[in-house]
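Given the structure is predicted, the values throughout are model-derived calculations rather than measurements. Just so it is clear: chains get the letters A, B, ... in the order the sequence lines come, proteins before strands, and each one is counted from 1. Both backbone and side-chain heavy atoms feed into the values below; hydrogens, waters and symmetry mates do not.
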Number of protein chains: 2
Amino acid sequence: MSPQPKYRVVADALRREITDGKYESSPRLPSESELSARFDASRNTVRAGLNLLVTEGLISSSQGLGYEVRSHEVFELNASRFENLSFPQNGDAYSTDVTAAGRRPHQTFRVEMLPATAYTAARLKVDAGSTTVLRFCHRFVDDVPWSTQATYYPGWLAEAAPRLAEPGDIAEGTTRYLADREIEQVGYFDEISARMPTPEESRLLEISAGVPVMLWTRTGYSDTRPIRCTITTFRGDLNRMNYEIGDLSGRDETL
Amino acid sequence: MSPQPKYRVVADALRREITDGKYESSPRLPSESELSARFDASRNTVRAGLNLLVTEGLISSSQGLGYEVRSHEVFELNASRFENLSFPQNGDAYSTDVTAAGRRPHQTFRVEMLPATAYTAARLKVDAGSTTVLRFCHRFVDDVPWSTQATYYPGWLAEAAPRLAEPGDIAEGTTRYLADREIEQVGYFDEISARMPTPEESRLLEISAGVPVMLWTRTGYSDTRPIRCTITTFRGDLNRMNYEIGDLSGRDETL
DNA sequence: TAGTGGTCTAGACCACCTC
DNA sequence: AGGTGGTCTAGACCACTAC
């Protein structure tokens, strides 16, 4: 038709209005039929334009209500300060952080025995298909799904530390429980990537279109070998990870 | 209509086939008209289902060719080992890493003077609107756009180190150039987030629908204050960042 | 030339929300 | 009841790719 398709013209115009702050006072966009008249386009064409903005994460829609500009509120997660022996793992750092931010945390928890996937096997240095223990956490902040955390332990470790495979919390924290068995975590390897959620992830995290997930894989090591692999998924629009490296005395001075 | 809309049935069926490996030998999907017949749905409905998979990053389409399952090849980026005094910054680590992976790097480069945005001002601890120097890199791997890197320096530093504001490379690397002027980087603060690309980012990185960008902000500090802020954008499907923390002798043993 | 996806329309019916 | 978005159809024409 034209060098620029009509639905893109619609999307570009609305995107411009959004970034210019037109909807800051009231986030509600005009209805499809209004936009249809304004751009002299069919309802389907307007919908194509709006859908583009939805997949960009700029707006969202709900039946009977209309389209709204999305608002963000970012939660900061310090990954380098996260764990050490004096600071129990297994959700406690998370609870502490969330409570400190004036929000209300809660989580569901389960334990499973699973054969290692190619991904976890490579990181735990065990054979693919060998038994691993999965301790799985589904975390919420103010009842909004926030993240899932899956920690896999190699089979040899579950034998040396049988409470890992038992359902229910380990009161003193898994890190301390393991340390008491002379298995101390002395280093981590963190991997971070981003992609669009699978349908399963969309369900668990209640993610709508246009929001990526961040994947954070932390492999923990003793002085001789890997002892756990934790895969955390976050909503990309609600979280930002950070790492502190080196001497940051210059950061705190006038903060 | 039914509990599950028809276009979702189409998407779910094809997603299932993809994850089951049906298209591993040949990544080409059936044409829209074939799918239309198979699912007894109009072409538009089939297109809605396919579009869902596109926005999930699973498939891509090109006019005249058809739909294809997307393939990934992930590039690992070590962020904790990235820079130090004996290892020049400004793209050299990138060139080294890329060349080591048997790929061919190249980059374009420009320098600008810009007023600080709220984001950079907060990190550099300068007033919003005050002058900063931007050194901007657009990087390619085998001629595929890979990342953009924007480093902002505070005005006071540009006065102390005037070559920062001059166009063209700094041969010995900016880190060393600054160190020679008694401005030494002793720590970093890294922030990582993910979102869908802006149209500008889609253009620079040639990102198609369904691929998020990763944003990596590194603020570098001297022993007294921030001296730079580097914002890097990556294609989320092609990159994975990692950090090494603590003692990782247990990692290298049988790798 | 034939087949592919890309754009666009007009109209239908449904589900949800508010009044 | 009336307005909102959600789903679906049938058909048209265009642009690109292959042969």
Side-chain angles (χ1 to χ4, degrees), chain A residues 1-15 18 23 26-70 199 202-203 206-210, chain B residues 1-15 18 23 26-70 199 202-203 206-210:
Chain A
M1 182 145 283
S2 56
Q4 180 82 322
K6 207 185 264 191
Y7 77 97
R8 282 189 184 277
V9 173
V10 173
D12 290 348
L14 293 175
R15 191 190 298 108
I18 291 167
Y23 301 103
S26 123
R28 187 79 141 49
L29 264 65
S31 73
E32 292 179 349
S33 54
E34 285 177 272
L35 294 171
S36 180
R38 168 174 162 200
F39 290 102
D40 185 32
S42 76
R43 189 180 155 222
N44 283 340
T45 300
V46 166
R47 281 179 65 80
L50 288 165
N51 186 51
L52 206 56
L53 300 185
V54 168
T55 61
E56 286 173 9
L58 270 181
I59 64 175
S60 62
S61 67
S62 21
Q63 218 171 29
L65 289 175
Y67 291 83
E68 280 199 356
V69 177
R70 265 219 198 117
S202 295
R203 193 178 60 76
E206 286 175 22
I207 288 180
S208 50
Chain B
M1 184 142 281
S2 56
Q4 181 82 326
K6 205 184 267 189
Y7 76 97
R8 283 190 182 278
V9 173
V10 173
D12 290 348
L14 293 174
R15 190 189 301 105
I18 291 168
Y23 301 103
S26 120
R28 186 78 143 50
L29 263 66
S31 72
E32 291 178 351
S33 55
E34 284 177 274
L35 294 171
S36 180
R38 168 174 162 198
F39 291 101
D40 185 30
S42 77
R43 190 181 154 219
N44 283 339
T45 300
V46 166
R47 281 179 64 80
L50 289 164
N51 187 50
L52 206 57
L53 301 185
V54 169
T55 62
E56 286 173 11
L58 270 182
I59 63 174
S60 62
S61 66
S62 22
Q63 218 171 30
L65 287 173
Y67 291 82
E68 279 198 356
V69 177
R70 251 205 215 137
S202 295
R203 194 178 58 76
E206 285 174 22
I207 289 179
S208 51

Seminar exercise, completed: N51(A) atom CG is separated from dC8(D) atom P, nearest whole Å, by 14 Å
Problem set entry | Nearest-angstrom distance from the residue atom CZ of F39(A) to P of dT7(C) | 17 Å
Seminar exercise, completed: In whole angstroms, the gap separating C1' of dC14(D) from CD of Q63(B) amounts to 8 Å
Exercise. Which listed nucleotide (dT17(D), dT9(D), dT9(C)) is nearest to the side chain of T45(B)?
Worked result: dT9(D)
Exercise. Which whole-number value in Å describes the distance from Y7(A) OH to dT9(C) P?
Worked result: 13 Å
Exercise. Counting side-chain heavy atoms from C-beta on, which of dT4(D), dT9(C), dT7(C) comes nearest to K6(A)?
Worked result: dT9(C)
Problem set entry | Spacing of L50(A) atom CG relative to dC8(C) atom P, expressed in whole Å | 14 Å
For this session: Classify the side-chain pair Y67(A)/E32(A) by whether it contains a donor and acceptor separated by less than 3.5 Å.
Result: yes
Exercise. Expressed in angstrom and rounded to an integer, what is the separation of N44(B) atom CG from dC13(D) atom P?
Worked result: 16 Å
Exercise. Does any non-hydrogen side-chain atom of N51(A) lie less than 4.5 Å from one of N51(B)?
Worked result: yes
Problem set entry | Residue whose closest nucleotide on DNA chain D lies nearer the 5' end, G64(A) versus S42(B) | G64(A)
Exercise. Is S61(B) reaching over with its side chain to a backbone N or O of G66(B), donor-acceptor style, under 3.5 angstrom?
Worked result: no
For this session: Would you classify A48(A) as touching base, sugar-phosphate or nothing, given that sugar-phosphate means primed atoms plus P, OP1 and OP2, and contacts are heavy atoms under 4.0 Å?
Result: nothing
Exercise. For the side-chain contact (heavy atoms from CB on, under 4.5 Å) test, which of L58(B), L53(B), L29(B) pairs with V69(B)?
Worked result: L29(B)
For this session: Specify the separation, in whole Å, of atom CG of L35(B) and atom P of dT9(D).
Result: 14 Å
Seminar exercise, completed: Here the distance between atom P of dT7(D) and atom CZ of R47(B), to the nearest Å, is 17 Å
Exercise. Is L50(A) close to L35(A) at the side-chain level, that is, under 4.5 Å between some pair of heavy atoms?
Worked result: yes
For this session: Kindly say if S62(A) contacts the phosphate of dT4(D), meaning a side-chain N or O under 4.0 Å from OP1 or OP2.
Result: no
For this session: Could you work out which one of dT9(C), dC17(C), dG5(C) sits closest to the side chain of R43(B)?
Result: dG5(C)
